[in-house]
Amino acid sequence: MKYQVQENCLTIFLPREVDHHIAEEMRKNVDELIDQNHIKIVIFDFQDTEFMDSSGIGVIMGRYRTIYLLGGEVWAIHVNERMRKILSLSGVTKILHIYEEEMA
């Protein structure tokens, strides 16, 4: 898993599959980075992601709760149609800002 911190913004580059094998490690690492770097904005980058189960959804919801209490925001970028459907069916799209890229 790759992470990038710029000022108070944390970008999480999600792997191809976000499941229970990845979720616990991601939860621990992200919480640590949020604490250490005074993060206010978390961006989940779905560029390479093709699958996410309920544990992945749980990671997003938990980080949203943390960031919301700090007065921050949670975003998703590079969301393909399959991931958009998973996020929508799980209700995550109600709390997550999805960055819509301009189609040329």
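Numbering of residues begins at 1 and proceeds along the displayed sequence. Here the structure is a predicted model, which means the values were calculated and not measured.
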- Electrostatic pair D31:R63 at N-O distance under 4.0 angstrom: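 Yes, D31 and R63 are salt-bridged.
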- Using 4.0 Å as the upper bound for N to carboxylate O, is an ion pair formed by E25 and K28?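 Judged by the 4.0 Å cut-off on N to carboxylate O distance, K28 and E25 do not form a salt bridge.
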Partners of [X] by side chain to side chain contact (heavy atoms under 4.5 Å, CB included), sequence neighbours excluded?
| X | result |
| --- | --- |
| T93 | L87, S88, I98 |
| S55 | H20, A23, D53 |
| T49 | L14, V18, F46, M83 |
| D48 | none |

Applying the 4.5 Å side-chain criterion to the ILVMFWY set and letting contacts propagate, would [X] and [Y] be lumped into a single cluster?
| X | Y | answer |
| --- | --- | --- |
| Y99 | L10 | no |
| M1 | M61 | yes |
| V92 | F51 | no |
| F13 | I60 | no |

- Interatomic spacing from CG in L96 to CD1 in I43 - rounded to 0.5 Å: 11.0 Å
- Considering only heavy atoms from C-beta outward, does the side chain of Q6 approach that of Q4 to under 4.5 Å?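 In short, these two side chains touch, coming nearer than 4.5 Å.
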Please tabulate, for the side chains in residues 64-75, all donor-acceptor contacts under 3.5 angstrom to protein atoms that are two or more places apart in sequence or on a different chain.
unit_1 : atom_1 : unit_2 : atom_2 : d
T66    : OG1    : G62    : O      : 3.1
E73    : OE1    : W75    : NE1    : 2.9

- Not counting sequence neighbours, list each pair that qualifies as a side-chain hydrogen bond (donor to acceptor under 3.5 Å, both in side chains) and has a residue in residues 32-42. none
- Message: Just checking E7: does its CD atom have more than 12 heavy atoms from other residues, nucleotides or ligands closer to it than 6.0 angstrom?
- Response: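 For E7, atom CD is not crowded (no more than 12 foreign heavy atoms under 6.0 Å).
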